[in-house]
Amino acid sequence: MAKSRVAIIGLGRIGGSLGLALKQAKLDVEIVGHDKNTGVAGRALKRGAVDKTEWNLINACDGAGLIILALPLDGIKDTLAVLKSELQPGVIVTDTASSKVPVLEWANELAAGVQFIGGNPVLKSEHAANARGIDAADPALFQGATYCLISSHSASNGALETVSNLAAILGAKPYFIDAAEHDGLMAGVQHLPALLATTLAGALMTSSGWRELGKVAGADLSAATELVPTDSASAREEFFAHRTDLIRWIDVLSAELGTMRDTLERQDEAAIKSLIETIATERNRWLNDQLGSEPAPSVDWQSLQNNTARLFLGGLADRARKRK
């Protein structure tokens with residue numbers, strides 16, 4: 001009997017790490033990779049993140065019981081448009097984008113019977129945000145991550161359970177959430193920092209004094225602008241997808257900046273001291289997973305391989321058998 005097949009579309013840091021983590025879990029599956037950059041696909045194969053690669057997107061997905069779209073938002077839109085009439089009923093499709101409302105709208109165009117589960121692995125802070133590409137792929141990337149899962153209206157409980165088991169195999173914590181709520185939260189904690197970094201960089205680097213500023217700029221400015229997007233098309237899609245929430249947050253920040261300006265103008269030492277101490281306390285609690293009522297659970301890899309992995313494989317069984 002042929003192995004169950006998992007197709008990973010997009011073999012950058014996230015897609016490559018997914019493949020490496022699945023390999024590390026020693027699952028009895030065939031992992032097929034596809035990336036529009038054939039050089040990236042070749043490096044993913046060489047690193048052992050996939051068992052084989054396919055240059056053609058349709059061929060890569062043929063026979064797969066699970067298709068993972070590890071792509072930026074604009075790439076997901078284009079890929080779903082290509083796949084909408086090509087997939088067999090029962091196939092599970094998931095993604096890793098940080099915007100879910102538009103993705104679920106696009107997924108509504110998939111053929112009847114195709115099961116779509118939106119996903120977003122929110123990585124832990126110790127994994128550097130500036131690490132990109134297949135060469136930065138790491139099988140431990142998802143350890144301790146919060147893996148947001150958003151089911152489409154037509155998806156079955158079995159499909160949701162399969163993707164939830166996938167998250168657990170990766171070492172992440174499945175977190176079930178509504179698409180609109182997810183996007184509202186992500187606007188504040190992911191897209192707003194990127195927007196602020198972009199705005200700060202724009203204010204400095206397009207100013208008449210940038211030549212002199214750049215001579216003395218160091219690690220602080222490097223860190224503050226680390227989140228400036230490198231892909232303008234993807235950034236445009238993300239910012240516009242979250243524009244309503246981002247505009248609301250800009251209004252909040254404008255008010256906070258006004259308060260900070262007043263604090264500086266009157267040299268209010270007590271206000272500065274109180275704010276810094278409050279932020280330090282809350283940031284420490286957040287970094288140590290102390291915001292919730294329960295500590296983050298440790299991952300028992302042996303138990304996952306013996307239990308969750310078996311459930312995951314069962315969820316893939318007989319979902320897609322047609323092979324070209």
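Below, each value reflects all heavy atoms present in this structure, side chains not excepted, and no hydrogens, waters or symmetry copies.
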State, with a plain yes or no, whether a side-chain heavy atom of [X] is found less than 4.5 Å away from one of [Y].
X	Y	answer
Leu69	Val103	no
Thr79	Trp106	no
Glu238	Ser98	yes
Glu256	Leu275	no
Ile92	Val114	no
Leu80	Lys84	no
Leu185	Asp245	no

Problem - Among Val163, Asn108, Asp95, the one residue meeting side chain to side chain contact (heavy atoms under 4.5 Å, CB included) with Phe116 - result: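 Going through Val163, Asn108, Asp95 one by one, the side chain to side chain contact (heavy atoms under 4.5 Å, CB included) with Phe116 is satisfied by Asp95 alone.
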
Problem - Member of Leu71, Ile68, Asn120 meeting the side chain to side chain contact (heavy atoms under 4.5 Å, CB included) criterion with Thr96 - result: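 So the option named by the test is Ile68.
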
Following the transitive rule for hydrophobic clusters with a side-chain heavy-atom cut-off under 4.5 Å over Ile, Leu, Val, Met, Phe, Trp and Tyr, establish whether [X] and [Y] coincide in one cluster.
X	Y	answer
Leu20	Leu27	no
Leu227	Phe239	no
Ile14	Val122	no

Report the distance from atom [atom1] of [X] to atom [atom2] of [Y], rounding to the nearest 0.5 Å.
X	Y	atom1	atom2	value
Lys100	Asp178	NZ	CG	12.5 Å
Leu316	Lys3	CG	NZ	13.5 Å
Leu149	Lys173	CG	NZ	13.5 Å
Arg47	Ile134	CZ	CD1	6.0 Å
Leu141	Leu18	CG	CG	8.5 Å

[X] versus [Y], closest heavy-atom pair with distance:
X	Y	result
Ala155	Ile117	CB-CD1, 3.5 Å
Ile177	Cys148	CG2-CB, 4.2 Å
Ala97	Ile76	CB-CD1, 3.5 Å
Leu246	His191	CD2-C, 4.0 Å

Problem - Pairing residues for Asn37 by the side chain to side chain contact (heavy atoms under 4.5 Å, CB included) criterion, not counting sequence neighbours - result: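 Side chain to side chain contact (heavy atoms under 4.5 Å, CB included) check on Asn37 returns Asp35, Val40.
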
Exercise for the section: Could you pull out all residues at least two apart from Thr259 that satisfy side chain to side chain contact (heavy atoms under 4.5 Å, CB included)? Expected result: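 Counting only residues at least two positions away or on another chain, Thr259 forms a side chain to side chain contact (heavy atoms under 4.5 Å, CB included) with Thr263.
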
For atom [atom1] of [X], decide whether the heavy atoms of other residues, nucleotides or ligands shown that lie under 6.0 angstrom number more than 12.
X	atom1	result
Phe240	CZ	no
Arg211	CZ	no
Asn288	CG	yes
Trp55	CH2	no

Handout entry: Lys273 and Glu277 ion-paired at < 4.0 Å
Key =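 A salt bridge is present here (some side-chain N lies under 4.0 Å from a carboxylate O).
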
Practice task
Sequence neighbours left out, what passes salt bridge (Lys or Arg N to Asp or Glu O under 4.0 Å) with Asp51? Give chain and number order.
Solution key: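 Partners of Asp51 under the salt bridge (Lys or Arg N to Asp or Glu O under 4.0 Å) test: Lys23.
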
